[in-house]
Amino acid sequence: MLGAETPFPRPRREAWPELVEDPSPPGSGAEDSAGQGIAATTSSSSSSSSSSSMAQRWGEGEERRGAPPLDRDPPRGGEAAGGEEEPLLRGIFQIGKRSCDVVLSARQLRWSPIQPESRGGHSNMNVPCKEESVEMKDIFSVKLKRRRFAGQKKGGMLLGITVFVCLKKENKLKDSAISFNNLSEDHCHSWFRCLKEILNGFPNRPKSLKVFVNPNSHKREATHVYYEQVAPLFKLADIKTDVTVTEYEGHALSLLKECELHAFDGVVCVGGDGSTSEIAHGLLLRAQMDAGRDTDYILSPVKAPLPLGIIPAGSTNVLAHTLHGINHAVTATLHIIMGHIQPVDICTFSSPSKLLRFGFSAMFGFGARTLALAEKHRWMPSNQRRDFAVIKTLASLKPEECELSFLPLKNSLQGSQENVTTKKERLKKSDSKVQWHTTQDYFLNVSIMAIPCLCSMAPRGLAPNTRLNNGSMALIVVRNTSRAEFIKHLKRYASVKNQFNFPFVETYAVQEVKVQPRTEIGYDTEENVYLHATSAEGNYPWNIDGDLMEGASEVHVRVHPQLINLYGVSIDELDDSKAMCTCL
């Protein structure tokens, strides 16, 4: 409890068992129990734990009284002498086993131990006093801490305030709790209301989310991941959720075309790359419908109305790994809670007559045939299915003959700070100057990627020199070669060596690509060659974000700068993306 220096009176012990409703006025916010029994919260030290257990512990028995959000920036104190920010509140709390002087400003919460007095009545200045602090932008929740009996869900003795902080270690985020103990009801409620007001003022932090869970992704663990790791954190952050567990392929797409999206601040996908790509496609289709655009053929699509959050629960999780730098559900959840918004480029895949799909990356040839074979063996475990498909496709490796046309990106800017207007103007100018390049040959694989595509098997990325929003695509062409040389190329993705340093591999930074496969129609004995013609009816498999699509005879791919917002960070901010190549 508080030391002798605290001005707050200790309540009488006989008042502890009284189970009464909290007398604080409406709008004071959520209140939580620190445990289910009296002995559950005898320790008042600062603590941090795993996200699921902590969120469940503090989420039980909460009372939401709806503190109104602010439509403005967090309140800012004036500048005090010496350039420091003027404090909004100052008081005494017990943190751990020490009484501390705590100061709250709009940007920071800081505290330092109160100096003990010497026998002469003077403060002992020789005792070291270390000030600690946490930035307000790193706090995502605040709760009133109460002591309750086992089974008690409301009321209880107020012990203080607990703030929940988002901590970062390399690319991984985790939640931590700091308890500020004080037995004064008025004191704690005034601090609680001020902290809530500051937190509600931060932009981009969602209050309501539409969540799609794919129960069939990877090892059928998406439902467990969401309810055990993600949902407790959403509840802790006072985020309302509307959860749909999808029942069939295309279920999320059909719901996104009809549901009232204006009621939500964002959309979340719990699943793999295929599920995420489907929802991104649905969000963008909905945006075109709301704008009155023709969805059969879209030349200049409008931006998606809501940001998309990706909780990795698939087998590869390329999209989540690229956004977060790590395959970690709690990290992805905290990026959503903290409102970390990242604009991302996306592509349209169209036939000559209609739009086929929105997507972030695609492969034609080896990558698509491997996925098509894996989809036919869904009954196998995911890792075995992937290895089987790769080995089987390599055993029957054959090139695809096609005509490849692309529009290079002249004077491509590698930085990600260029705004959308500048990029669009640059693309318009380049259209009149840059000529289409066309080649017809046998190709083992053609990759078209608007994002770097990081994953555990390619830690530097399938397209390491691409960025999330630099307004270009990476075109990676692998011409026909021997099986041994092609395998060497594939192995390079998992190493630090340049996977493109082969004579049969070519890379380009482009803004548009056309892929037109060719089919054999007969053999000319006089010329001793095969005759070819474009197949108007033939369909060819494409691997778009890990989802199999039967493409038309000709597919036209265009990149659209920053067309969708995703919850995450820029690739330039990721600590493990320091390795670079100069292949493009």
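Note: hydrogens, waters and symmetry copies are ignored here, and every other heavy atom, side chains too, is used.
Here the side chains of Leu356 and Met549 are in contact, with some heavy-atom distance below 4.5 Å. Between Ile336 and Leu209, the closest side-chain pair of non-hydrogen atoms falls below 4.5 Å. Within the 4.5 Å cutoff, no side-chain heavy atoms of Pro352 are placed close to those of Tyr297. Counting heavy atoms from C-beta outward, Asn565 and Gln342 have side chains that stay 4.5 Å or more apart. For the pair Ile564/Phe360, a side-chain contact is recorded, criterion being any heavy-atom separation below 4.5 Å from C-beta on. Proximity of His556 to Val515: side-chain heavy atoms (C-beta onward) are nowhere separated by under 4.5 Å. You'll find the side chain of Val505 reaches within 4.5 Å of the side chain of Ile476, heavy atoms only. You'll find the side chain of Asp545 stays beyond 4.5 Å of the side chain of Val318, heavy atoms only.
Residue Thr466 comes nearest to Ile451 through the heavy atom pair CG2-N, 3.9 Å, listed as atom of the first residue, atom of the second, then distance. Between Arg460 and Ser495 the shortest heavy-atom distance is CD-O, 3.7 Å. Taking each heavy atom of Ala368 and Leu548 in turn, the nearest pair found is O-CD1, 4.0 Å. Closest heavy-atom contact between Ala494 and Pro459: CA-CD, 4.3 Å. Counting all heavy atoms, side chain and backbone alike, Ser208 lies closest to Ala263 at OG-O, 3.4 Å. Nearest heavy-atom pair, Ser217 versus Gly272, reported as atom, atom and distance to 0.1 Å: CB-N, 4.1 Å.
With hydrogens and angles disregarded, no donor-acceptor distance shorter than 3.5 Å links the side chain of Asn480 to the backbone of Tyr442. At distances below 3.5 Å, not a single donor-acceptor pair connects side-chain atoms of Asp290 with backbone N or O atoms of Ala287. For the pair Glu554 (side chain) and Ser351 (backbone), a donor-acceptor distance under 3.5 Å is absent. In this structure, the side chain of Glu221 does not engage the main chain of Ala313 through any donor-acceptor pair within 3.5 Å. The backbone N or O of Leu454 lies less than 3.5 Å from a partner atom in the side chain of Thr322, making a donor-acceptor pair. When atom types are taken as modelled, the side chain of Arg483 and the backbone of Ala395 share a donor-acceptor pair closer than 3.5 angstrom. Listed for the Ser254 side chain is a donor-acceptor partner under 3.5 Å among the backbone atoms of His251. Listed for the Asn543 side chain is a donor-acceptor partner under 3.5 Å among the backbone atoms of Gly546. Under the 3.5 Å distance criterion, the side-chain polar atoms of Asp345 are matched with a main-chain donor or acceptor of Gly471. A donor-acceptor pair is defined here as one N or O able to donate and one able to accept, closer than 3.5 Å; such a pair exists between the side chain of Arg286 and the backbone of Leu256.
Here the rule is side chain to side chain contact (heavy atoms under 4.5 Å, CB included) with Val268, and of Ile310, Ile311, Thr276 only Ile311 fits it. Considering Arg205, His335, His324 in turn, His335 is the only one that fulfils the side-chain hydrogen bond (donor to acceptor under 3.5 Å, both in side chains) rule with His340.
Considering CG of Asp273 and CG of Asp547, their distance stands at 9.5 Å, rounded to 0.5 Å. Taking CD of Gln516 as the start and CG of Leu404 as the end, the distance is 10.5 Å to the nearest 0.5 Å. With rounding to the nearest 0.5 Å, the separation of OG1 in Thr331 from CG in Leu323 is 12.5 Å. Atom-to-atom distance recorded for Arg492:CZ and Lys497:NZ is 5.5 Å, nearest 0.5 angstrom. With rounding to the nearest 0.5 Å, the separation of CD1 in Ile326 from NZ in Lys169 is 11.0 Å. Rounded to the nearest 0.5 Å, atoms CZ (Phe140) and CZ (Phe202) are 13.5 Å apart.
Between Lys207 and Asp265 there is no salt bridge, since no side-chain N of the basic residue sits under 4.0 Å from a carboxylate O of the acidic one. A salt bridge links Glu512 with Arg558: the distance from a Lys NZ or Arg NE/NH1/NH2 to an Asp or Glu carboxylate oxygen falls below 4.0 Å. Of the charged side-chain nitrogens involved, at least one lies within less than 4.0 Å of a carboxylate oxygen, so that Asp242 and Lys210 count as a salt-bridged pair. One finds a salt bridge joining Glu400 and Arg369 here, because a Lys/Arg side-chain nitrogen approaches an Asp/Glu carboxylate oxygen to under 4.0 Å.
By the 30° and 60° cut-offs, the orientation of the rings of Phe358 relative to His281 is tilted. Ring geometry for His489 versus Phe504: interplanar angle over 60°, hence perpendicular rather than tilted (30 to 60°). Aromatic ring pairs are classed by plane angle as parallel below 30°, tilted from 30° to 60° and perpendicular above 60°; the pair Phe364 and Trp542 is tilted.
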Open item on the list: side-chain contact (heavy atoms from CB on, under 4.5 Å), that's the test. Do Leu409 and Tyr508 meet it? Break it down for me.
Closed with: CA-CA 8 Å; Leu409 190 69; Tyr508 306 91; over 6 Å; no
TODO: Test Arg357 against Ser277 for side-chain hydrogen bond (donor to acceptor under 3.5 Å, both in side chains), laying out the working first.
DONE: CA-CA 9 Å; Arg357 185 74 179 257; Ser277 182; 3.2 Å; yes
Task: Intermediate values then yes/no, side-chain contact (heavy atoms from CB on, under 4.5 Å), Glu506 and Leu475 - done: CA-CA 8 Å; Glu506 300 171 11; Leu475 172 62; over 6 Å; no
Task: Test log, rule salt bridge (charged side-chain N to carboxylate O under 4.0 Å, His left out), inputs Lys354 and Asp296 - done: CA-CA 5 Å; Lys354 67 174 183 177; Asp296 288 334; over 6 Å; no
Open item on the list: Apply side-chain contact (heavy atoms from CB on, under 4.5 Å) to residues Arg386 and Met457 and explain how you reach the verdict.
Closed with: CA-CA 12 Å; Arg386 181 182 61 213; Met457 295 176 291; 3.9 Å; yes
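Phe486 does not carry Lys488 over the face of its six-membered ring by the limits of under 6.0 Å from the centre and within 45° of the normal.
Using modelled atom types and a 3.5 Å distance limit, the side chains of Thr348 and His560 yield a donor-acceptor pair.
Summarising the local packing, CD of Glu485 is surrounded by more than 12 heavy atoms from other residues, nucleotides or ligands at distances under 6.0 Å.
Taking the six-membered ring wherever Trp is involved, the centroid distance between the rings of His437 and Phe406 falls below 6.0 Å.
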